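Contents: one structure, followed by commentary.
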Amino acid sequence: MTETLDLLNGLNPQQIQAVTAGLGQVLVLAGPGSGKTRVLTNRFAFLIRSMGVRPYSILAVTFTNKAAREMETRLERLLGEQVKGGLWLGTFHSICARILRREADYLPVKSNFVIMDADDQEALVRRILKEFNLDEKLYRAASIHGAISTAKNNLVLPKSYPARSYRDEVVSRVYGRYQELLEANNSLDFDDLLLMSVRLLDENPALRQKYAQRFEHVLVDEFQDTNLAQYELLRQLSSFHGNLFAVGDEDQSIYRWRGADYRNVLRFEQDYPKAQKILLEQNYRSTQTVLDAARAVIDQNRNRTPKKLFSERGRGERVILYEAADDYAEAAFVVDTIQQNMAAGVAGGDFAVMYRTNGQSRLLEEAFLRSGVAYRLVGAQRFYGRREIKDLIAYLRLISNPADELSLLRAINVPPRGIGDKTLVALQLCSRQANLSPGEILLDLGQKGDQSSFWSFFSGRGATILADFGAMLAEWQSALEKTSLPALFDRILLDTGYQLYIDDGSEEGNDRWSNVQELQRLAYEYEDRGLTAFLENLALVSDQDTLPEESNVPTLMTLHAAKGLEFPQVFISGLDEGLLPHSRSIDDPEEMAEERRLFYVGLTRARNRLYLVRADRRSTYGSFQDSVPSRFLEDIPEELIKRQGMKRYIETSSTSDWNPRAERRDYYSRWESTPPPDLNLRHAMPPQNSKANYRGGKKASSKTNFEGETGQSPKADFGDEIEPLAKPAPEIQASYKAGNRVRHPSWGEGLVIQDRILDGEEIVDVAFDSVGFKRLLAALAHLEIIR
DNA sequence: GTGGCCCCTGTTTTT
DNA sequence: CAGGGGCCAC
């Protein structure tokens, strides 16, 4: 009993109710920071320790491998070694792959099937479009593939694909052929892992029974992000014992484009009318101000269970909204602010910078590099998407599965060995006539040489080259049986002269080679588990999962990648129309609602301090475009916000001669442009001539009174040092004078060049003996006057 | 068969 | 602006 008690130690009543819930279906709606992972893990441990359930009778599904690993680690901590081995804990995709490989006898593919990633899928579609003579401009491969993927996520098969338009008909035909080719290549794509599993269990009652009986308890994380196939799979797997424990939050559903449907939460309640529903509303992460801001944003959405998130952490600081002149200044602000905080002693690991699209990381990275602050980047330029990595994976896949034609086509002429279109067409023709895969033809040529019955099919030169390649492939295959995976890997590199091919001595060449070595290192880790496991891991492990080690430096990532994480200080950058919400979402209310949830996810990552950052114009496609503040900013009550940057508060609209150009700019009618605080001048300015005509001149009026406009008084009990907007900023006394000799905690001594007050902030320019010129915020810099 | 040049297009998010 | 694909000349 004491054992149970320590599982419940420190939990609130709702959390305890969830962890100890009885049999049947349980739906836990868990707001951000409400201890969701803890509940799930402790539930798992509770079932084993207090209910006597055997670990391998529990199925736990997460959305990322990282989440699965984390849960495993925590379980080990809670239960000791009891859980090692035999755990059914993983992502939907890995669990499905596991089931499918076990039950491959029932499938059109063999148990060593390869898993096609997104690039492969699109390449395959492109091939089919060519085969069907379809105009690739009219039918873009990405879009057709998207349609196929959506169909699969909704359990729609080619023959039942609705033909409402000619386009649908095209999709349906391509989809059918696509499936044929996958099968011929002994491969499944990502979506098939789910679809095939559902079909397998649906069409084989005995199998369904077997698995459903095995899993006495099914636990699911991030339930709001399940798609129909996943929902159905859960239903099947829990169909015998009926113990389904789902944890989620509609407000954090951000994978609609991947088929996720937060309405599965509603469906759950309908399908299981007896389900217990538990709300976790206490937030242990953020200050009340952060929660209030987040709630103001998410409350605009409909079709949700309203939640009253509360925190006992106090009001905290106001949200800082910084508006930069352009995206260069935006990035510079982020980095400068982090740098100054770090100089004042804040740990680098306390910061995260989030953005909507991966492309936005570029300017940020450049700013970080310039300032010399180390950072880590999650995802983005995908390791597994790199050319050299894909090349080598193609070799490995081909060895594991000679029927994998896509990999064959990639590997066969890389590095170039004189196999061109003509030879390839001949190979494909030969393959079709012989009713063998091209890989098998190659192997035959390699083994029998000119004695092969296929030899005469090719020109003398072509035949020789193909046979050589086939012989190499055959040797690798036998090496696979005799030696280890790392040895095989080395052998491939050696036989193909791959290093010479990619490492041309240039810096990029060097990078490419180190990527290869990184993959090689990974191969060593899989020495015991073998090639198939290695390949499966490569296919199912996402870049998000390969998050660089915690290194106490700021983290850069997309808002999607930020889900589930928390940081003391969070920057959300790019808060402009077209970026967040993204332009592809503006005309669809459902998409717009999802953008809002995405912003909500970002906001609720912050523990203490939240910076919202935008830019007045951004460089897109090489030239500048005016940018307009995100509509989501309007939803955050003014009294929660402290504004900084080029826009300053002036007296209310009527006296302003400034005419908003865009309708949306109405929001800013009470703001006017003033020169930026030029904290950032030492950073690169945009390549084009920079901002020409600031509307300088008008000073912030001392009559400014925000109360008069809203009739609300800002809360006075903020724990920050920020002055309430309601009162004119008090005169700050300058603490330093030009000529002062000062000492900085990390940069040592320096000479004050200039000191001035701007926007209520004291800014000091110092020439340090050690690091040269720095522009600092006096409040953060901790300068000590020596004389 | 290969390499280079030019044009075009395109920027969500990822298991 | 950048990367990819198509086309053309060796």
Side-chain angles (χ1 to χ4, degrees), chain A residues 61-68 90-97 115-119 121-123 126 130 136-137 140-143 146 149 152-153 188-194 221-222 225-227 229-230 253-260 354-363 378-382 384-385 387 413-425 459 461-462 465 536-546 557-563 574 578-586 588 591 594-595 597-599 601-602 618-624 686-688:
Chain A
V61 199
T62 60
F63 265 78
T64 62
N65 293 290
K66 195 171 137 256
T91 62
F92 272 104
H93 290 84
S94 67
I95 297 280
C96 285
I115 299 166
M116 297 273 181
D117 69 19
D119 286 346
Q121 295 173 50
E122 211 173 299
R126 195 166 292 122
K130 284 207 184 82
E136 282 190 59
K137 295 219 167 97
R140 290 210 330 278
S143 142
S149 177
K152 289 186 173 185
N153 287 329
L188 297 178
D189 70 12
F190 266 138
D191 306 311
D192 279 337
L193 295 176
L194 305 173
D221 194 11
E222 307 282 11
D225 281 328
T226 51
N227 59 36
Q230 290 162 333
S253 172
I254 53 174
Y255 287 103
R256 193 179 118 87
W257 47 274
R258 212 165 75 189
M354 301 168 190
Y355 36 79
R356 177 66 233 268
T357 66
N358 279 307
Q360 290 168 259
S361 71
R362 219 192 78 219
L363 288 180
V378 181
Q381 68 263 60
R382 328 173 42 105
Y384 299 111
R387 194 184 82 204
N413 205 29
V414 174
R417 48 176 75 86
I419 298 173
D421 261 359
K422 248 171 61 187
T423 314
L424 282 181
V425 168
S459 70
R461 200 174 98 86
I465 301 175
E536 175 161 318
N537 177 64
L538 291 179
L540 294 183
V541 160
S542 73
D543 293 295
Q544 303 298 316
D545 291 325
T546 62
M557 68 193 128
T558 63
L559 288 163
H560 282 89
K563 188 157 84 160
L579 229 35
L580 185 66
H582 195 269
S583 50
R584 305 260 282 230
S585 318
I586 41 169
D588 180 345
E591 294 280 313
E594 177 142 320
E595 297 290 305
R597 291 193 292 267
L598 193 52
F599 184 38
V601 165
R618 325 191 72 94
S619 41
T620 41
Y621 296 107
S623 67
F624 272 111
Q688 267 118 41

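Chain letters run A, B, ... following the sequence lines, proteins first and then strands; every chain starts at 1. Just so you know, these numbers come straight off a predicted model, no measurement behind them.
- Atom C1' of C:dG5 sits at a distance of 23 Å from the matching atom of B:dT12, rounded to the whole Å.
- Applying the 3.5 Å distance criterion, the base of B:dT15 shares a donor-acceptor pair with the side chain of A:His93.
- Across B:dT14, B:dT15, B:dT2, the shortest atom-to-atom separation from the side chain of A:Thr64 is found for B:dT15.
- In terms of position along DNA chain B, the nucleotide closest to A:Arg417 lies nearer the 5' end than the nucleotide closest to the other residue of the pair A:Ser583 and A:Arg417.
- The backbone N or O of A:Asp119 lies less than 3.5 Å from no partner atom in the side chain of A:Glu122, so there is not a single donor-acceptor pair.
- Nucleic acid contact class of A:Arg461 (heavy atoms, under 4.0 Å, all strands): sugar-phosphate only.
- No hydrogens or angles were tested; on distance alone, nothing pairs the side chain of A:Arg258 with the base of B:dT13 as donor and acceptor under 3.5 Å.
- Taking the side chain to side chain contact (heavy atoms under 4.5 Å, CB included) definition, one finds that A:Arg258 meets it with A:Phe63, A:Tyr255, sequence neighbours left out.
- In summary, of the residues considered (A:Lys563, A:Arg597, A:Arg256), a salt bridge (charged side-chain N to carboxylate O under 4.0 Å, His left out) with A:Asp225 occurs for A:Lys563 alone.
- Counting non-hydrogen atoms under 4.0 angstrom, A:Thr423 reaches the backbone sugars and phosphates but no base.
- Along DNA chain B, the nucleotide closest to A:Gly418 and the one closest to A:Arg356 are compared, and the more 5′ of them pairs with A:Gly418.
- If you check B:dG10, B:dT15, B:dT2 against the side chain of A:Asn413, the one that comes closest is B:dT2.
- A stacked arrangement is not assigned to A:Trp257 and the six-membered base ring of B:dT12, the conditions of a centre distance below 5.5 Å and an interplanar angle below 30° not being jointly met.
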